[in-house]
There are 2 protein chains.
Amino acid sequence: MSNKILEIQSRHTLIKELVSKQEISNQAQFQKLLKQNGIKVTQATLSRDLNELGIIRVPAPNGFFYKINTSGEQSVLRSRLSEEIISIDHNETLIVIRTFPGRAQGVAIVLDQSNSTEILGTVAGDDTIIVIPRSNKNIKNSLEYIKIILGIN
Amino acid sequence: MSNKILEIQSRHTLIKELVSKQEISNQAQFQKLLKQNGIKVTQATLSRDLNELGIIRVPAPNGFFYKINTSGEQSVLRSRLSEEIISIDHNETLIVIRTFPGRAQGVAIVLDQSNSTEILGTVAGDDTIIVIPRSNKNIKNSLEYIKIILGIN
DNA sequence: TTAATATTTGCATAATTATGCAAGTTTATG
DNA sequence: CATAAACTTGCATAATTATGCAAATATTAA
């Protein structure tokens with residue numbers, strides 16, 4: 001039958017539902033829950049699914065539990081990101097990004113999570129981001145890098 | 001050896017620095033990097049450290065890498081100031097301090113209240129502090145001063 | 001439709017991470 | 001100071017997750 005894609009999609013959907021509704025601490029437990037919902041897979045498949053979905057295992061004071069990795073969504077958001085930006089400017093030492101009202105924090109997070117050596121750090125207000133470049137000497141490089149990250153041509 | 005706590009703190013500091021500066025994909029690699037920086041621990045200790053610090057292993061298209069768990073306030077309570085700090089960096093004109101999520105304001109207050117002539121002022125966001133030094137010429141001094149204030153060796 | 005190509009999955013196992021326990025240290029208490 | 005309690009670490013290994021490979025299934029192209 002050719003409903004394989006739907007089968008995988010619904011399994012993924014169930015996995016996401018489960019992970020958001022209860023604290024699951026390992027894949028064996030996960031597997032069991034899937035089975036209770038009528039879906040039988042091996043631990044191997046589950047491992048692959050979790051990685052594809054960006055579902056990660058985080059430590060907590062009382063053990064571990066799985067959760068959806070929020071920073072993995074940035075690539076999805078990136079397409080709309082450029083629409084939130086009004087301008088990117090700089091002087092000899094700083095880069096300043098102006099955004100639409102209330103969007104600075106969200107844009108800054110993307111820059112932070114890019115983990116670039118070009119960027120020492122950012123501080124965001126409501127509609128303005130200050131970016132500290134690695135060095136004042138090649139601030140143009142940092143600027144180029146930022147534009148790429150934010151999907152601006 | 002009498003100062004165990006400092007030993008642990010500085011190891012944690014190094015771990016945080018390493019994880020924020022490069023893509024580390026497993027604990028063996030981590031262990032090696034620590035060793036190159038003069039710190040020898042077993043994989044077991046590293047595993048415990050990473051869980052305490054809320055550093056997690058996330059899947060990426062090209063493998064895995066460790067990162068600081070940004071969403072996790074459920075990570076172990078940190079009472080010491082230096083434990084809230086991920087890295088301290090600088091370029092020619094500014095010093096940038098990265099902290100755990102939501103901790104920048106608290107750390108910045110300590111710097112502000114130190115009333116140092118080395119520091120003109122600070123601006124803190126959620127997890128980043130920008131420190132403006134008295135002068136660009138002796139920024140290294142300011143850096144040293146900050147590390148002392150924050151109890152980082 | 002058929003052949004070629006690609007995808008998905010399980011199995012077995014490799015790779016990696018977590019942890020019980022005991023030894024050694026440090027800190028707290030009387 | 002002496003002793004107890006608490007903490008840290010390594011060792012050995014348990015627990016858990018990732019993956020190479022082959023078989024089965026699905027998709028694409030002709």
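Lettering follows sequence order; numbering is per chain, from 1. Here the structure is a predicted model, which means the values were calculated and not measured.
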- prompt: Around atom CD of A:Glu92, are there more than 12 heavy atoms of other residues, nucleotides or ligands at under 6.0 Å?
  reply: no
message: Quick test of your reading of the model: are A:Arg103 and A:Asp126 salt-bridged, counting only N-O distances below 4.0 Å?
response: no
field: Worked verdict on A:Gln43 versus A:Gln31 for side chain to side chain donor-acceptor pair (under 3.5 Å)
entry: CA-CA 7 Å; A:Gln43 174 269 325; A:Gln31 196 178 7; over 6 Å; no
- request: Between C:dG10, C:dT17, C:dT19, spot the one nearest the side chain of B:Arg48, thanks.
  value: C:dT19
Candidates D:dT17, C:dT19, D:dA18 - which lies nearest the side chain of A:Tyr66: D:dT17
query: Which one, D:dG10, C:dG10, C:dA18, comes nearest to the side chain of B:Thr42?
result: D:dG10
task: Find the distance A:Ile56:CD1 to C:dT17:P and express it as a whole number of Å.
output: 14 Å
- request: Counting heavy atoms from C-beta on, name the nucleotide in C:dT9, D:dT19, C:dA18 closest to the side chain of A:Ala44.
  value: D:dT19
- request: Provide, to the nearest angstrom, the distance between the CG atom belonging to A:Asn51 and the C1' atom belonging to D:dT17.
  value: 9 Å
query: Base, sugar-phosphate, or nothing: which does A:Ile8 touch, judged by heavy atoms less than 4.0 Å apart?
result: sugar-phosphate
task: Please report, rounded to the nearest Å, how far the P atom of C:dG10 is from the CG atom of A:Asp49.
output: 9 Å
statement: Per nearest nucleotide of DNA chain D, the residue lying toward the 5' end, B:Val41 or B:Pro59, is B:Val41
- line: Looking only at C:dT17, D:dA18, D:dT17, the nucleotide nearest the A:Ser47 side chain is D:dA18
- prompt: Same cluster or not: are B:Ile56 and B:Phe64 linked, directly or through other Ile, Leu, Val, Met, Phe, Trp or Tyr residues, by side-chain heavy atoms under 4.5 angstrom apart?
  reply: no
Which nucleotide in C:dT17, D:dT9, C:dT19 has an atom nearest any side-chain atom of A:Phe64: C:dT19
